[in-house]
Number of protein chains: 2
Amino acid sequence: MTDEHAAQPARPRRQARGRRRIEEILRAAAVVFADRGYDAATTNAIAAEAGISPGSLYQFFRNKDEVAKGLSEYYAERLDELSGTTFAVRVGADPDVGSLVGGLLEQIVAFNRAHPGFKALFSRTDMPAGLRAAVAPVQDALHARVHALISQLLPGVAPDESARVATVAIQLVRGMMPLITEADGDEAEALAAELHRALVGYLSTERGRPGAAP
Amino acid sequence: MTDEHAAQPARPRRQARGRRRIEEILRAAAVVFADRGYDAATTNAIAAEAGISPGSLYQFFRNKDEVAKGLSEYYAERLDELSGTTFAVRVGADPDVGSLVGGLLEQIVAFNRAHPGFKALFSRTDMPAGLRAAVAPVQDALHARVHALISQLLPGVAPDESARVATVAIQLVRGMMPLITEADGDEAEALAAELHRALVGYLSTERGRPGAAP
DNA sequence: CGACAACACGAGCGATCACTCGTATTCTCT
DNA sequence: AGAGAATACGAGTGATCGCTCGTGTTGTCG
């Protein structure tokens, strides 16, 4: 939520009250995005949820896309907190793909449940241009992390191929996440288990030197 | 595009001209949905693309959601044409999952390329309520077909589990399709190959009686 | 305290969009 | 031919929404 290197128009020195407001607005935005989706969410509804006036929202965010950007940066920080424990797994000589993916998936599902607004910003297959631009940096950061992990898992694979594998793995998870988070209890567990199968199956397929087809 | 059993308000007896207009409107809707997405598509833009006035569009469709519904039914018919050749595969005693999935995938990718509006209606993870309702019948029909196929592929699996497998398989494809259709040439091929790996890997994982781990 | 900036308000502006309505033209059926 | 239905037009309506602006309040710093 910190705000580095600004653009040309001098940005205000935030007071403590203002910083609290920003947090509150992002919390409200998450709520509204979560249950109406980004397009249907109105800035007035976000302001109302935050308990402030529409004008006040624009004291802190230039427009709706900037709110989405702020929220996505917030999520990026929350993900960074996980990365120390989750993504920074040291893969040994003989990695157990199943339990590795299992542990990761469990945390990712938990994260999505804990942050219902997350999938409104990240788990969309088609995004309006403004939203896409707002979340792109965070998407890229996530991809870099997953790519690093995949590279360790598939040591012999060329970087551009492992980058593609990372893209695909992320996309598979993104596609399934709405199904999982919207299902209840047992069905959610079962769907998560299916996603686990899919990922493990995917990452375990032969990917050797060209020419070898079993 | 035929129109069965109407609701209570008596529907007009369509003339040949009207039937042609409906086709033209759906074609226009596909174009506009494809390059702006459903939410950003305006009914006036659809009318303009179809070369008619906004009022004329509403001679044939009650509202925007009905246009989406009409288009999704059109796509359903196109998919039905494929089903004779594609989905009605007789699975032998020893099915080759790889080539089966490969053949299917090839046709599905081709279908998505040939019908750019398709993914705007079907490959979204979050849909506005009206759109969801409009495409639900077609989604269900597609699910039934895939489920039938999966049941043949996984003979020992209980119906509710194979239904879930069908849901997951469809979702994996839906998630990947935008990536594939928006990539160009080689990258699209590579991504399709990755999706193929993922599906085959997924459908080939052990799913037997509990307790048996290789 | 004085002054200046940050924060806050909420009515309302301008633009957009789904959809309507009055009217005119074309088709179909007898 | 003539009547009624279907098709066609397009300016316009009502509602929504992102965002602004004038004004007032609170915090900060000397």
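Of the listed residues (Leu26(A), Leu71(A), Ile46(A), Thr43(A)), just one forms a side-chain contact (heavy atoms from CB on, under 4.5 Å) with Phe61(A), and that residue is Leu26(A).
For the contact set between residues 35-47 of chain A and DNA chain D, defined by any heavy atom under 4.0 Å, the members are Ala41(A), Thr42(A), Thr43(A), Asn44(A).
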Which atom pairs link the protein and nucleotides 25-30 of chain C when you take only N or O atoms and keep those under 3.5 Å?
from    : atom 1 : to       : atom 2 : distance (Å)
dC29(C) : OP1    : Arg13(B) : NH2    : 3.4

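Within the 4.0 Å cut-off from OP1 or OP2 of dC9(C), at least one side-chain nitrogen or oxygen of Ser56(A) is found. Between Arg14(B) and dT7(D), a side-chain N or O to OP1/OP2 separation shorter than 4.0 Å is present.
If Arg19(B) and Asn63(A) are placed on DNA chain D by their nearest nucleotide, the residue sitting closer to the 5' end is Arg19(B).
Looking at His147(A) and Ser162(A), their side chains come closer than 4.5 Å, going by heavy atoms from C-beta outward.
Residues Phe111(A) and Phe118(A) bring their aromatic ring centres within 6.0 Å.
Of the candidates dC19(C), dT20(D), dT7(D), dT7(D) carries the atom nearest the Pro12(B) side chain, counting heavy atoms from C-beta on. Counting only heavy atoms from C-beta on, Tyr58(B) has its side chain closest to dC19(C) among dA8(D), dC9(C), dC19(C). Distance from the side chain of Pro54(A) is smallest for dG10(C) among the nucleotides dG10(C), dA8(D), dC9(C).
Under a cut-off of 6.0 angstrom, the local environment of NZ in Lys64(A) is crowded, with over 12 non-hydrogen atoms contributed by other residues, nucleotides or ligands. Other residues, nucleotides and ligands contribute at most 12 non-hydrogen atoms within 6.0 Å of the CG atom of Asp186(B). Within 6.0 Å of atom CD in Glu187(A), more than 12 heavy atoms from other residues, nucleotides or ligands are found, so the atom counts as buried in its surroundings.
Inspection of the Glu23(A) and Tyr74(A) side chains reveals no N or O donor paired with an N or O acceptor under 3.5 Å.
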